[in-house]
Structure formats: structure tokens, C-alpha cells
Amino acid sequence: ALVRDAAYESLLKEKRRAIHSRVLASLESDHDIAPELLAVHAEEAGLIDRAIDLWESAGKAAILRPAYDEGIAHIGRAIDLVDTRNNDGDKEAIERAMSLQVQRGMAYLTRLGHGADETVSAFELAIRLADEIGDTPMRYSILYGLWIGKGVRGEHQEARLRAETLIEQATHSTETAPLVVAHRVAGTTYGFMGEFAKALEHLDIALKHYDPIEHEGLADRFGQDIGVSVNTFQALNRLATGHCLRARNHSEEAVRIARQTAHVQTVCYALSIRSIFCLFDGDTNTAHRCMTEVQPIIAEHSLVMWQNFGSMIMEVLAARSGDRDSIRRYLKADEDLIATKVRMFVPQLRIVAAFSAVEMGLQDEAAALAGMATDLIGQTGETYALAELHRAMARIAYSGNDVAEAEKQLMNALEIARKQGARLWELRAAIDLAQIMEHYDRFGPATDMLKTIVEDFDEDDCPGDLKIARNLLSNTTAP
């Protein structure tokens, strides 16, 4: 081997290149040869453009399998080769580098998470390259990637600005997909910010223009199937505004489409977020089934963000079943997710964990979780479940026999829910307030308020919450 290596090294560079070129030509006739093997020979032969093409093909093939780490490495090698060339003023080379950065950003998004430094850096570099080029059809995908980074990190004001830019960009497109995506991301951002009327306005536009046939197969361009994302956030916002049956239909449709795509990121996205939806809907059985289905997929592909979300959701479910040690484990999973710079959905999960903690008699842990949720909402402006936070704080106060504080927190919850148009959160706060009044034989205004809220709901909507409310009303009469 040493003799062979020495002889090889003694060959002139041009002769070595010629050998690799002949090997490449010979291997290319075999369509079963892995593109990364061809890429090595093309690179050694000095055929840089061909090597870039082959490394890119190898990266795409690996991601499609999916083998994300391998794909990221292959795309990275293509980027390195583009960067080694003198690209000053070479628009074609800059466009190539930009395209590769977008592909790497999307792969990082799935493997490491939407808010990971690597994901954000890839899209930030891509937008700088796009600015060098000027007008480019890839600008939209890059802006979408930047919106993802802002939203997942809980930088919702910045995400809103990105969403508005996407809407403006979409007006110049001949495609309908950018229009659907732009209004979906705007609706998502407004929903996280607790502006449900604006959220649903944008999400309804997205749903109106969504075409399952025309928009099929765009998951790699936008991180996940766009029909799944539209239905997912329709569900979350419809739930908060008290349209539970419609919300459940959207949630089920998101999962149905996701399963059809067999796209790893889409499936993990749909099932994980549906589990969070079910926690707020009170459907722990479906949440558990979703987690049981998705966790093996997450583990197989080592998807960091979804692994951490899955751990948090599973510990909340364990807490719901009375596992007192689950709160400690939840806090560790929460810490792990925050370490990846993900903030999206974290306030909501802290709130549902706080409810579970207080139900198990862990008042100190519940108060700590509520305080953590309060802090993060203050940092991010993610007020989707702010009314529910005050309801959790009321439960904590009531468990400590501080009835006045409980009533105060419930009045805060009612005020916030009314301002947001969050009718389900308003109904739940009114139920809790009426239950306190019933316990202390203080009927009247609370019961009247609950009756008014109940009458605003359709007869068969939100059946679980309305059953509690109607039973309460039937058992209480004003003196």
C-alpha cells in the first residue's frame, strides 16, 4: 500500500486528473453508481462544475431517502467548491451558491430545527446572495426561511414584518402557492400574537386559494406540505375562538394530508402540533396516539426540535395521568428545547403543565411553571393562551385558599379573552368563576355572565366545555 501511494503521489497532477477523468467517464455509464462517488472523481479530475452538480445530486438523493446528515454534508461540499472559485461578478455562480444555501437551510430546518443557528445562518447568507443578484425567483423561498427562523424563535414582531413582505412579494407571482404560503404565515404569526380575527382573515384567504392537486409536492420548498400547515393553524385558531368542531376537522385533515405525503418533516409537524392542539382541546387520548405514531419517526431520523417537543408533550400527558415526577422531567425537556433557541409553543406547553401540576397538588411547581410562561410571553409576545395562563394562575391561587386572587385572575382572563375574541378561553374562565361562586353560594352576576356566553355558542359545538357549563347553570339559581 505504501509503494502504491508513493507511486500515485509521484504522478504529475495532470496525469492524475486524466486518470480520474477516465474513471469518471467509465463509471457514469453505470446508472446505479452513487453520485457522491462520481463527485469525488470529478473533483479530483478538476471538473469543478461537474463535481458541484454531482455533490448537489448526491445531497438531494440523501435528503430524499431521508439521510439528513449525509445530505447536508454533500450539499456543503458543493457549496465549498462554489466558494473556491472566483465568483466576482459571476451571476450564474452566485445564483448557484444561493440555491445551494437554500437547500442546506431546508435540510437543517428538518434535522436541527427551524430556529437552529445553522438554519438561520443558511437563509441569512442566501438573502445576502439574493441581494447581490437582484431579481430572483428564489427570493420568496429565502424570505420564507427567514420568517420561519423569526417565528420559531418567538420573535413574532419581526416575523410579522417578514410575513407582510411575503404577502407583497406574492402579489407579483404568477403562481398561487406563494399567495397561499404568505397568508398562511401571516395567519400563523397573528395567531401566536393572540390577534385571532386577523389570523383567521389571512388563514381563510390561504384556504380559499389552496389546491391540493396544484400545490402537491411543495413540501421541500416550504419545509412541509402547505395544505398541512394551512389546516394546522386553522385548527389552532378556530379552537381558541370557540369553533371546536370545525377546528377538529381541520386538525384531522392536516394529519390525513401529512400521512399521504409520507414526507418526514410534514408528518412530524402535523402529528406533533396536533398533539398540542389536543392538549388544549382536552383530548389526551388522541394526543397520546399522535405521539405514539410520530416518536419512532422522530427517533429514526434524529430530528432535534421534534424530539424535544415530543419529550415535553409526553411529560404533560404523564402529568395528566397523575405522574408527579413528570413535572421534573418536563422541566428538563423544556430546558433542552429552549437551548435550541425554539420559543414557539413553549408558553402554551408551560401553561398546560401548570394546570396538571396544580391538579396533582404541586402548587409550588405549578406557580413556577406559570411564572416561566409569564416571562416567556413577555419576551416573545406569544399571547395565544394568555387568558388560559391567568386561568391557571387562578387555579393555583384557589388551591392555596386565596379566593380573592383567584377571582382577580379569572376576571383578567375574561377581559383578555374578550379583547382577543377567544370565546373558548372566555367560556372556560366563566365556568371556573361560576364554580367558585357556587361553592360560596354567591350566584347572580357570574351565573348570568356564563349563561350569556353559553348562548353565544352553537348548540353542538365545544360539547365537553358546554356540558360542564350547562350542568353548572342547571344546578345554580340566583336567590
Side-chain angles (χ1 to χ4, degrees), residues 5 8-9 11 13-114 116-130 132-133 136 138 141-142 145-146 149 219-221 223 264-265 301-304:
D5 292 345
Y8 181 82
E9 288 299 325
L11 292 172
K13 181 184 290 187
E14 289 304 318
K15 191 170 182 179
R16 293 202 304 270
R17 285 182 172 178
I19 291 171
H20 282 290
S21 183
R22 288 197 298 271
V23 172
L24 175 64
S26 175
L27 291 176
E28 281 187 310
S29 62
D30 185 347
H31 298 297
D32 293 329
I33 293 294
E36 56 266 33
L37 179 59
L38 300 176
V40 170
H41 288 291
E43 190 175 337
E44 291 297 330
L47 303 173
I48 302 303
D49 285 333
R50 182 69 179 130
I52 293 169
D53 288 342
L54 288 164
W55 282 121
E56 181 179 10
S57 296
K60 287 180 175 178
I63 291 167
L64 190 62
R65 281 200 294 272
Y68 295 108
D69 289 339
E70 184 180 336
I72 289 166
H74 293 333
I75 295 293
R77 185 58 192 152
I79 290 171
D80 290 342
L81 290 176
V82 171
D83 289 345
T84 61
R85 304 171 65 183
N86 182 6
N87 296 325
D88 292 342
D90 186 343
K91 184 176 179 181
E92 184 177 342
I94 296 171
E95 286 180 336
R96 189 65 183 279
M98 177 188 66
S99 174
L100 290 165
Q101 286 293 345
V102 172
Q103 292 176 60
R104 182 157 69 171
M106 285 297 179
Y108 276 137
L109 180 152
T110 302
R111 172 65 177 86
L112 300 179
H114 302 61
D117 287 339
E118 294 87 344
T119 306
V120 173
S121 294
F123 286 113
E124 287 178 343
L125 180 52
I127 197 65
R128 289 198 294 271
L129 293 169
E132 286 186 44
I133 296 167
T136 169
M138 292 208 69
S141 294
I142 298 166
L146 291 170
D220 288 329
R221 183 176 170 188
V264 169
Q265 164 68 8
H301 301 291
S302 301
L303 307 182
V304 175

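Numbers here are sequence positions counted from 1.
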Roughly how far, to the nearest 0.5 Å, is CZ of R104 from CE of M106?
14.5 Å
In Å, rounded to the nearest 0.5 Å, how long is the span from OG1 of T110 to CD1 of I72?
8.5 Å
Measure the spacing between CG of L146 and OG1 of T119 and express it to the nearest 0.5 Å.
11.0 Å
In short, E118 meets Y108 closest at the heavy-atom pair O-CD1, 3.6 Å
Which atom names give the shortest non-hydrogen contact between A78 and I52, and what distance separates them?
CB-O, 4.0 Å
Which atom names give the shortest non-hydrogen contact between I75 and K60, and what distance separates them?
CD1-N, 4.4 Å
Rounded at 0.5 Å granularity, tell me how far CE in M98 sits from CG in L125.
11.0 Å
I would like to know whether L303 and V264 meet side chain to side chain contact (heavy atoms under 4.5 Å, CB included); could you show each step before the answer?
CA-CA 10 Å; L303 307 182; V264 169; 3.8 Å; yes
Which atoms form the tightest heavy-atom contact between V120 and G149, and what is the distance?
CG2-CA, 4.1 Å
Provide the closest heavy-atom pair for Y68 versus A107 in the form atom of the first, atom of the second, distance.
CD2-O, 4.4 Å
Can you measure from CZ (R128) to CD1 (I94) and round to the nearest 0.5 angstrom?
13.0 Å
Once rounded to the nearest 0.5 Å, what's the spacing between atom CG of D80 and atom CG of L100?
10.5 Å
Could you check whether R96 pairs with E56 (Lys NZ or Arg NE/NH1/NH2 to Asp/Glu carboxylate O, under 4.0 Å)?
yes
Side-chain contact, heavy-atom cut-off 4.5 Å: W55 with R50?
no
What closest approach, in Å, do I63 and G71 show between heavy atoms, and which atom pair accounts for it?
CG1-CA, 3.9 Å
Flag, side chain of S99 to backbone of E95, donor-acceptor distance under 3.5 Å
no
S302 backbone acceptor or donor facing R111 side chain under 3.5 Å
yes
Any carboxylate oxygen within less than 4.0 angstrom of a Lys/Arg side-chain nitrogen, looking at E36 and R77?
no
